[in-house]
Amino acid sequence: MKHDPDISVKLGRLSLKNPLVLASGVMGTSPELLHRVALSGAGAVTAKSCGPTLRTGHPNPVMVAWEHGLLNAIGLTNPGVDDEVKLLMDAKQRLNPLNVPLIASIFAGSAEEFGEVASIVAEAEPDLVEVNISCPNVHDDFGLPFAADAKSAAAVTRAVKQKIGGIPIAVKLAPNVPDIGRIAKSVVDAGSDVITAINTMPGMVIDVDAAQPVLHNRSGGLSGPALKPIAVRCVAEIAQFVDVPIIGTGGVLTGRDAAEMMMAGATAVGVGSALWYRGPDAIKLIKAELQDFLRENGYKSVCEIFRKAL
Amino acid sequence: MKHDPDISVKLGRLSLKNPLVLASGVMGTSPELLHRVALSGAGAVTAKSCGPTLRTGHPNPVMVAWEHGLLNAIGLTNPGVDDEVKLLMDAKQRLNPLNVPLIASIFAGSAEEFGEVASIVAEAEPDLVEVNISCPNVHDDFGLPFAADAKSAAAVTRAVKQKIGGIPIAVKLAPNVPDIGRIAKSVVDAGSDVITAINTMPGMVIDVDAAQPVLHNRSGGLSGPALKPIAVRCVAEIAQFVDVPIIGTGGVLTGRDAAEMMMAGATAVGVGSALWYRGPDAIKLIKAELQDFLRENGYKSVCEIFRKAL
Amino acid sequence: MGGKFEARKVTAISKINPVTSWIRFDGDIYAQPGQFVMVWLPKIGEKPFSIAELNPLGLLVVDVGPFSHALQALQVGDSLWVKGPLGQGFSITGERLLLVGGGYGSAPLLALAKKARAQNITVDVCLGARSEAGLLLSDAFLELGCQVSYATEDGSLGWHGLVTDIVEQKIQAIAYDLLCACGPTGLLSALSNICKTHRLDNQLSWEAHMRCGMGLCGSCLVSQNIDELLPVGWLACYDGPVFYQKFRD
Amino acid sequence: MGGKFEARKVTAISKINPVTSWIRFDGDIYAQPGQFVMVWLPKIGEKPFSIAELNPLGLLVVDVGPFSHALQALQVGDSLWVKGPLGQGFSITGERLLLVGGGYGSAPLLALAKKARAQNITVDVCLGARSEAGLLLSDAFLELGCQVSYATEDGSLGWHGLVTDIVEQKIQAIAYDLLCACGPTGLLSALSNICKTHRLDNQLSWEAHMRCGMGLCGSCLVSQNIDELLPVGWLACYDGPVFYQKFRD
Ligand SMILES: Cc1cc2nc3c(=O)[nH]c(=O)nc-3n(C[C@H](O)[C@H](O)[C@H](O)COP(=O)(O)OP(=O)(O)OC[C@H]3O[C@@H](n4cnc5c(N)ncnc54)[C@H](O)[C@@H]3O)c2cc1C
Ligand SMILES: Cc1cc2nc3c(=O)[nH]c(=O)nc-3n(C[C@H](O)[C@H](O)[C@H](O)COP(=O)(O)OP(=O)(O)OC[C@H]3O[C@@H](n4cnc5c(N)ncnc54)[C@H](O)[C@@H]3O)c2cc1C
Ligand SMILES: Cc1cc2nc3c(=O)[nH]c(=O)nc-3n(C[C@H](O)[C@H](O)[C@H](O)COP(=O)(O)O)c2cc1C
Ligand SMILES: Cc1cc2nc3c(=O)[nH]c(=O)nc-3n(C[C@H](O)[C@H](O)[C@H](O)COP(=O)(O)O)c2cc1C
Ligand code: FES
Ligand code: FES
């Protein structure tokens with residue numbers, strides 16, 4: 001019998017048992033849910049993004065599955081960073097024995113405020129802090145301006161880096177920019193240790209019988225299958241601009257999808273919408289399929305497929 | 001028996017028998033093909049984009065259907081604007097008796113060159129000239145820089161407007177920008193009579209068995225079903241920023257899709273990939289379905305659904 | 001399991017008490033009793049509702065706030081939008097069922113009773129409420145041939161006290177195979193304890209604040225703090241709303 | 001009709017003459033004779049090839065340039081990628097078929113002959129080439145029980161001259177129901193004229209430069225200038241490669 005291929009990866013300083021990382025905002029709203037996903041075999045788990053203060057998010061409907069993907073406008077529901085610290089500390093205690101790193105995620109309305117949220121979240125000592133500069137569901141004050149522009153993205157990165165006390169950070173980029181590679185370069189130059197790519201793509205689904213957008217927020221963020229080629233292209237472009245590890249995220253539903261993302265240059269693979277398409281145990285299934293793929297193609301280690309299609 | 005709903009629309013100065021417009025680059029490479037699509041019932045037809053000189057385009061593979069859409073990197077194959085003028089004049093003769101307006105499409109490498117191509121293409125007297133500032137398959141010299149930036153988009157618009165001799169123009173925008181509404185405003189302020197939105201979204205499909213991107217050009221432009229919510233959102237955003245008519249394009253496969261686009265603010269609806277999914281007679285099918293939808297919902301004219309979901 | 005909204009037309013709407021309506025829609029829904037739908041009224045909102053009738057789709061709506069109020073204002077021929085069926089429902093095992101309902105909890109239990117009675121299973125029902133007016137659908141259960149007992153906190157009908165009291169009495173008197181319940185969290189916690197004591201298999205339909213209804217947003221987590229028998233990270237919209245607890249095999 | 005590439009493994013490859021190979025792949029393809037596939041060799045390119053055998057998939061490859069050369073260099077066990085079947089193939093009608101092939105045009109005709117022979121239809125074949133070496137697959141046609149005639153421009157085998165000459169002779173001698181042909185444009189134009197004169201139903205498989213293979217890019221237009229019988233805007237990859245011309249009903 002052949003040996004199982006080695007699927008452990010190094011994400012900068014972090015060691016992951018496998019490359020599959022729970023994406024932010026999906027089931028990451030409580031220690032119990034993070035614990036559950038870790039038990040299902042995740043290499044690492046990301047908590048829901050938290051901001052300076054509590055947000056209840058948008059009114060319902062907040063999510064719809066259309067034919068080729070999901071569309072959501074949850075609206076960054078979160079308890080505020082002070083309560084998030086407690087949540088993360090509880091989660092850490094649950095994850096430590098499982099040897100599953102915990103990734104926190106933060107957002108804010110200005111570079112300065114990003115720094116403040118970072119300094120508070122650092123108290124929980126997460127293994128990595130994702131900096132969400134790219135959520136399309138919150139307008140003007142949050143999100144878009146930072147991910148859209150290389151300079152403001154870098155300013156946020158520096159502000160977080162200064163206050164995070166040595167915890168590595170991953171800036172999370174948006175797909176609706178003309179030059180994601182250049183933006184990646186700019187945040188890496190400003191100190192980002194890892195890049196997460198991508199967040200959802202802005203979209204709208206109108207129900208023609210109702211003659212209304214389905215989401216209360218009208219537009220939302222597109223994720224799932226339709227996003228995959230967009231994400232793969234972004235990852236491939238970023239991988240040509242920077243040398244830091246990339247968490248490739250967007251539309252990964254199967255082990256072959258994960259392999260595609262890694263061949264495009266991702267070191268780890270974010271998994272979000274798959275938890276709807278394949279259930280809360282999606283990561284377990286994807287992990288087994290990735291191993292099957294590697295075995296069938298004679299790869300001894302997942303590192304062999306890294307950047308293979310570039 | 002009830003009357004058929006009125007589906008004629010005014011696209012600025014042009015009168016279209018129905019809102020369905022053949023999108024640029026799809027079957028629009030010869031007078032015969034434009035003629036065929038006009039015979040299948042199109043409200044207007046757009047020719048393939050032409051540039052200053054002949055381009056053979058990218059090597060094969062240039063197109064692939066993935067699970068949720070198409071990806072192409074044809075590479076702006078075209079005979080150059082001098083031969084394009086002959087092609088357009090032949091096409092006009094075929095279309096005039098059918099009362100189907102002809103839309104030309106142009107691209108170039110600089111604002112100045114856009115002006116030159118415009119002045120030549122004007123000789124063929126097309127009914128509208130689409131200004132393709134957004135093709136993702138040609139890097140650096142062509143496309144992206146213009147659609148990505150409000151200022152250069154406006155500069156191209158002004159250059160074309162000066163040389164086009166009074167023929168109305170439609171600037172065609174790209175989805176991979178953070179602020180499509182603002183860019184639309186900027187090109188309308190610079191004189192664009194119509195906006196076409198959107199061109200394809202950059203994407204990449206990797207075959208994991210081959211460990212290679214499928215397209216020879218590696219990345220390409222995503223079109224078809226996966227693009228629809230992205231296009232609908234762009235159209236809805238643009239409709240909030242400008243008052244000119246919009247040709248809403250992206251993922252329209254059915255009459256209900258066309259209705260969705262119009263409810264989001266489109267006056268006319270571009271149809272491209274549908275000609276693969278439903279065959280060369282796609283527009284005939286979509287037109288019948290749009291009429292059925294209007295009839296079943298008690299609309300007397302297609303104008304009643306215009307902007308209804310905004 | 002559908003994640004898309006579909007338009008449904010109202011075919012009948014009737015008040016069954018001053019604050020409660022029964023709404024029937026065109027077309028069936030292929031679902032287990034206990035599954036639910038997300039109901040969307042454009043420009044108003046979206047809320048979860050238990051499937052009270054399968055063929056055709058029927059919902060029981062108690063007017064407690066803006067959304068349920070808007071639902072009750074619908075007219076025959078109006079459309080609303082339904083996403084689902086969602087979640088896991090009840091699954092009948094054994095010969096003798098005890099159903100326990102509080103408030104609109106009667107809704108999924110009615111669909112369940114109908115299915116069980118069609119299989120000739122004996123179904124006893126205990127309904128509880130503050131007062132007689134809150135005891136919903138008791139006629140419908142009687143029509144199906146169920147034995148129905150009542151408990152009201154003000155004693156206006158049946159047992160004067162909590163529904164859990166009559167449940168205890170019935171469990172001691174009769175060897176049920178399964179208890180199925182739907183109602184407020186407090187009721188379910190009490191029932192969970194009673195069943196643990198009596199080692200009675202049970203299926204409890206838990207309430208939670210639902211947002212996405214699709215197992216992603218985490219809003220509907222029912223924590224182990226509420227019932228330690230629940231597995232870690234249990235989502236009412238996806239894993240539930242019905243949780244199965246087996247003591248016998 | 002598939003627009004996606006699928007990996008196929010080579011199970012056999014054999015030279016049938018110094019510049020021509022027969023390649024067989026694992027698995028069948030569900031297609032009409034006359035349909036084609038786009039073959040992709042990563043980092044090398046993509047070209048259309050007629051389906052020469054259906055069960056399992058087989059292709060006939062003439063080495064004329066870089067891509068066909070790379071195909072012939074494949075080894076048993078190697079993978080290549082196939083998109084298809086694409087287009088419209090031949091459709092057998094009648095009792096007596098005349099097949100006319102030039103060059104690799106033998107490929108789709110072989111699949112067609114096999115299908116027709118399985119239905120016990122009489123199949124005559126005329127093959128033309130510059131010289132004997134260019135007459136492809138004649139043994140295979142003979143094995144199927146077809147009557148095969150040859151024409152070579154240098155007279156090295158069969159009729160000394162053009163294949164259209166022997167086609168004329170056969171049509172005058174025998175009452176065929178249908179002529180099917182695949183080969184260079186010049187050959188097809190000549191056959192189209194011959195069939196018009198004799199009012200013989202025909203199905204001609206036209207060549208064109210293919211890029212997308214999916215009916216979108218317009219590259220494979222066969223203009224009415226080439227054959228006025230073609231409808232306006234006829235695409236070889238989608239409407240064809242086979243065009244049906246009926247004179248009788
Ligand atoms: C799985 C599930 C199934 C459901 N099935 C049904 C059903 O079949 N029929 C039905 O009428 N409702 C049902 N509900 C409740 C329903 O989704 C709404 O919460 C309810 O209609 C109130 O919405 P509203 O906007 O009208 O009022 P809100 O403004 O949301 O509430 C008004 C007031 O009522 C209180 N309230 C809200 N919900 C409840 C509740 N469930 N019990 C007691 N008080 C409450 C609120 O705290 C508030 O004080 C179900 C909920 C869930 C999670
Ligand atoms: C519908 C269709 C079906 C086809 N089926 C087959 C098939 O079954 N077997 C097969 O071997 N080829 C077939 N071809 C041709 C094949 O697609 C390639 O064009 C051929 O293999 C040459 O490619 P290359 O890159 O090797 O050479 P290229 O560099 O493209 O060509 C080399 C030289 O050969 C000439 N040439 C190219 N194609 C042809 C041709 N068809 N006839 C004569 N000269 C040519 C070129 O003009 C050039 O001078 C088919 C083409 C079409 C459109
Ligand atoms: C319901 C939902 C909520 C999300 N919330 C967040 C969030 O709070 N912060 C964030 O950075 N990304 C958020 N995302 C984006 C995901 O992390 C991920 O980038 C995106 O969904 C693409 O991956 P997928 O196709 O695997 O879902 C959310 C996505 C979904 C579907
Ligand atoms: C094969 C192909 C070629 C295209 N070529 C062009 C082009 O030359 N110029 C252009 O402006 N858009 C071009 N496009 C983009 C389309 O016009 C259209 O904007 C896009 O495909 C989205 O619409 P769809 O989803 O209906 O195809 C092309 C699209 C396809 C699929
Ligand atoms: S309501 Fe979102 S996870 Fe259950
Ligand atoms: S090859 Fe593109 S249309 Fe036929």
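Letters go in sequence order (proteins before strands), and every chain restarts at 1.
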Is it true that, when you exclude [X] itself, more than 12 heavy atoms of the residues, nucleotides or ligands shown sit nearer than 6.0 Å to its [atom1]?
X	atom1	answer
D/Glu228	CD	no
B/Lys92	NZ	yes
D/Lys15	NZ	yes
D/Glu6	CD	no
B/Glu125	CD	no

Look at [options] and state which one has the largest set of heavy-atom pairs under 4.5 Å with chain D.
options	answer
B/Thr77, B/Val205, B/Val37, B/Leu39	B/Thr77
B/Lys48, B/His216, B/Met27	B/Met27
B/Pro59, B/Gly279, B/Gly57	B/Gly279

Contact part of [X] toward chain D, heavy-atom cut-off under 4.5 Å: side chain, backbone, both or neither?
X	result
B/His35	side chain
B/Asp207	side chain
B/Pro31	neither
B/Leu34	neither

Considering all heavy atoms, the nearest [X]-[Y] contact:
X	Y	answer
B/Arg94	D/Val232	NH1-CG2, 3.6 Å
D/Glu46	B/Pro61	OE1-CA, 3.1 Å
B/Ile74	D/Cys217	CD1-CB, 3.7 Å
D/Lys83	B/Met63	NZ-O, 2.8 Å
B/Trp276	D/Leu216	N-CD2, 3.6 Å
D/Leu235	B/Arg36	N-NH1, 4.1 Å

I'd like to know if the side chain of B/Asn60 reaches the main chain of D/Gly45, judged simply by a donor and an acceptor atom lying under 3.5 Å from each other, with no hydrogens or angles considered.
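It does not hold such a pair.
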For D/Lys47, is it the side chain, the backbone, both or neither that has a heavy atom under 4.5 Å from a heavy atom of chain B?
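For D/Lys47, there is no contact with chain B at all, as no heavy atom is under 4.5 Å.
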D/Met210 portion near chain B, given a 4.5 angstrom heavy-atom threshold:
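D/Met210 touches chain B through backbone heavy atoms alone.
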When only pairs under 4.5 Å are counted, which of D/Phe67, D/Phe5, D/Trp234, D/Trp81 shares the most heavy-atom pairs with chain B?
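Heavy-atom pair counts peak at D/Trp81.
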Candidates B/Val64, B/Asn72, B/Leu70 - the one meeting side chain to side chain contact (heavy atoms under 4.5 Å, CB included) with D/Met214:
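Going through the options one by one, the only one that passes is B/Leu70.
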Drop me the distance from B/Gln212's CD to D/Trp40's CH2, to the nearest 0.5 angstrom.
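Answer rounded to 0.5 Å: 7.0 Å.
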Atom pair OG1 (B/Thr29) and CG (D/Leu221), whose distance is rounded to the nearest 0.5 Å
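Rounded to the nearest 0.5 Å, the OG1-CG separation comes out at 7.0 Å.
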